[in-house]
Amino acid sequence: DAGITQSPRYKITETGRQVTLMCHQTWSHSYMFWYRQDLGHGLRLIYYSAAADITDKGEVPDGYVVSRSKTENFPLTLESATRSQTSVYFCASSGTGGPLHFGNGTRLTVT
Amino acid sequence: AQSVTQLGSHVSVSEGALVLLRCNYSSSVPPYLFWYVQYPNQGLQLLLKYTSAATLVKGINGFEAEFKKSETSFHLTKPSAHMSDAAEYFCAVSEDPNSGGSNYKLTFGKGTLLTVNP
């Protein structure tokens, strides 16, 4: 089925560990995005990508790394997780001029 | 930098009553405007979008929004609330690509939680 999938749906990790959140879309959309959602802050853009091998920082990029070697995948890595990175992470994609399509999110808890 | 303000983090209405969710934006160029809805444990879904055509935009599930440039507003309305409308609603803005902006990066408001009472 066409769509955008995120994995895992839930993740618990310890402070200092590296963790990677996966995002895969089947529409061949050019643009992909990572947002984090926190109570009282709405959604904040972490990183985005306009095409394979092209990525750029959003509003809150510190502590995160992204890559986009293939159009359909856009993994987000927390190199050394901190408690402040406990959040719900959403991946989204869009075609040129189109609306964002969101995945169902990954709920990350850093202990 | 653009910003979006949603007035009221929580709105409560009775079933059958008018729904009004407020959104104001600040933008130096005419923007594209969006309303998204989020149901529990799900991602956001597009309700409607304004892209400089008609100022009154109709969306899914009976929702509509009116773009008022003089008031920099894009309020969301529905004449009669249904229990299934209970969710969190997000207003978002992007720049108008016809004015040299980027239309694919959205700035979101903090959201308004809508509860519908029987």
Side-chain angles (χ1 to χ4, degrees), chain A residues 3-10 21-25 27 29-51 54-61 66 68 74 87-108, chain B residues 1-10 21-25 31-53 57 59-60 63 65 87-113:
Chain A
I4 182 165
T5 56
Q6 294 183 236
S7 60
R9 283 299 310 273
Y10 303 92
L21 311 183
M22 305 302 293
C23 179
H24 175 79
Q25 54 106 352
W27 290 298
H29 284 163
S30 297
Y31 302 108
M32 295 189 75
F33 309 83
W34 275 106
Y35 287 88
R36 59 177 290 174
Q37 183 178 26
D38 304 286
L39 197 64
H41 290 280
L43 279 85
R44 292 179 290 176
L45 182 63
I46 304 171
Y47 269 96
Y48 64 100
S49 168
I54 301 175
T55 63
D56 207 348
K57 297 178 180 179
E59 181 185 354
V60 289
V66 293
R68 192 156 177 219
F74 191 40
S87 185
V88 181
Y89 291 86
F90 286 99
C91 180
S93 70
S94 73
T96 304
L100 293 184
H101 297 269
F102 284 82
N104 284 329
T106 295
R107 185 175 295 274
L108 176 68
Chain B
Q2 296 180 20
S3 66
V4 176
T5 302
Q6 292 185 238
L7 297 175
S9 59
H10 187 194
L21 305 182
R22 300 177 187 274
C23 173
N24 289 87
Y25 66 92
Y32 285 7
L33 292 156
F34 306 81
W35 276 99
Y36 282 83
V37 61
Q38 184 182 31
Y39 299 102
N41 295 317
Q42 294 186 24
L44 281 70
Q45 303 171 32
L46 180 68
L47 267 181
L48 51 82
K49 66 177 182 179
Y50 166 77
T51 57
S52 71
V57 182
I60 62 171
F63 285 93
E88 189 155 24
Y89 292 79
F90 292 91
C91 182
V93 62
S94 74
E95 295 170 353
D96 183 353
N98 297 318
S99 302
S102 61
N103 69 332
Y104 55 85
K105 280 199 315 178
L106 299 190
T107 299
F108 284 87
K110 294 183 179 181
T112 297
L113 181 65

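Every chain is numbered from 1 and lettered A, B, ... according to where its sequence line falls, protein lines coming before strand lines. Hydrogens, waters and symmetry mates play no part in the numbers below; they use all other heavy atoms, side chains included.
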Please state whether the side chain, the backbone, both or neither of [X] comes within less than 4.5 Å of a heavy atom of chain B.
X         : answer
Leu43(A)  : both
Gln37(A)  : side chain
Arg107(A) : side chain
Leu39(A)  : neither

Worksheet entry | Under 4.5 Å from a heavy atom of chain A, the part of Leu46(B) involved |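 Side chain only.
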Item to complete: Please flag which part of Gln38(B) lies under 4.5 Å from any non-hydrogen atom of chain A: side chain, backbone, both or neither.
Response: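 The side chain, not the backbone.
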Worksheet entry | Gln6(A) side chain to Tyr89(A) backbone, donor-acceptor under 3.5 Å |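 Side chain of Gln6(A) to backbone of Tyr89(A), a donor-acceptor pair under 3.5 Å: yes, one is there.
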Practice prompt. Taking Glu59(A) for its side chain and Ile46(A) for its backbone only, find out whether a donor-acceptor pair lies under 3.5 Å.
Written response: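 Checking the backbone N and O of Ile46(A) against the side chain of Glu59(A), no donor-acceptor pair under 3.5 Å is found.
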Fill in: Partner chain B: residue of Gly42(A), Ala92(A), Ser30(A) with the largest heavy-atom pair count (under 4.5 Å)
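Most heavy-atom pairs under 4.5 Å with chain B: Gly42(A).
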Worksheet item: With chain B, which of Phe33(A), Tyr48(A), Phe90(A) has the greatest number of heavy-atom pairs at distances under 4.5 Å?
Response: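 The candidate making the most pairs under 4.5 Å is Tyr48(A).
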Worksheet item: Is it the case that more than 12 heavy atoms not belonging to Arg44(A) sit under 6.0 Å from its CZ atom?
Response: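 Count over threshold, so yes.
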Worksheet item: In terms of side-chain heavy atoms, does Asp38(A) have a donor or acceptor partner in Ser87(A) at a distance below 3.5 Å?
Response: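 Side-chain D/A pair, Asp38(A) to Ser87(A): present.
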Fill in: Check: Ser49(A)/Arg68(A) side-chain N/O donor and acceptor closer than 3.5 Å
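Side chains of Ser49(A) and Arg68(A): pair found under 3.5 Å.
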Worksheet item: At their closest point, which heavy atom of His29(A) faces which heavy atom of Gln25(A), and how far apart are they?
Response: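 Minimum heavy-atom separation between His29(A) and Gln25(A): O-NE2, 2.9 Å.
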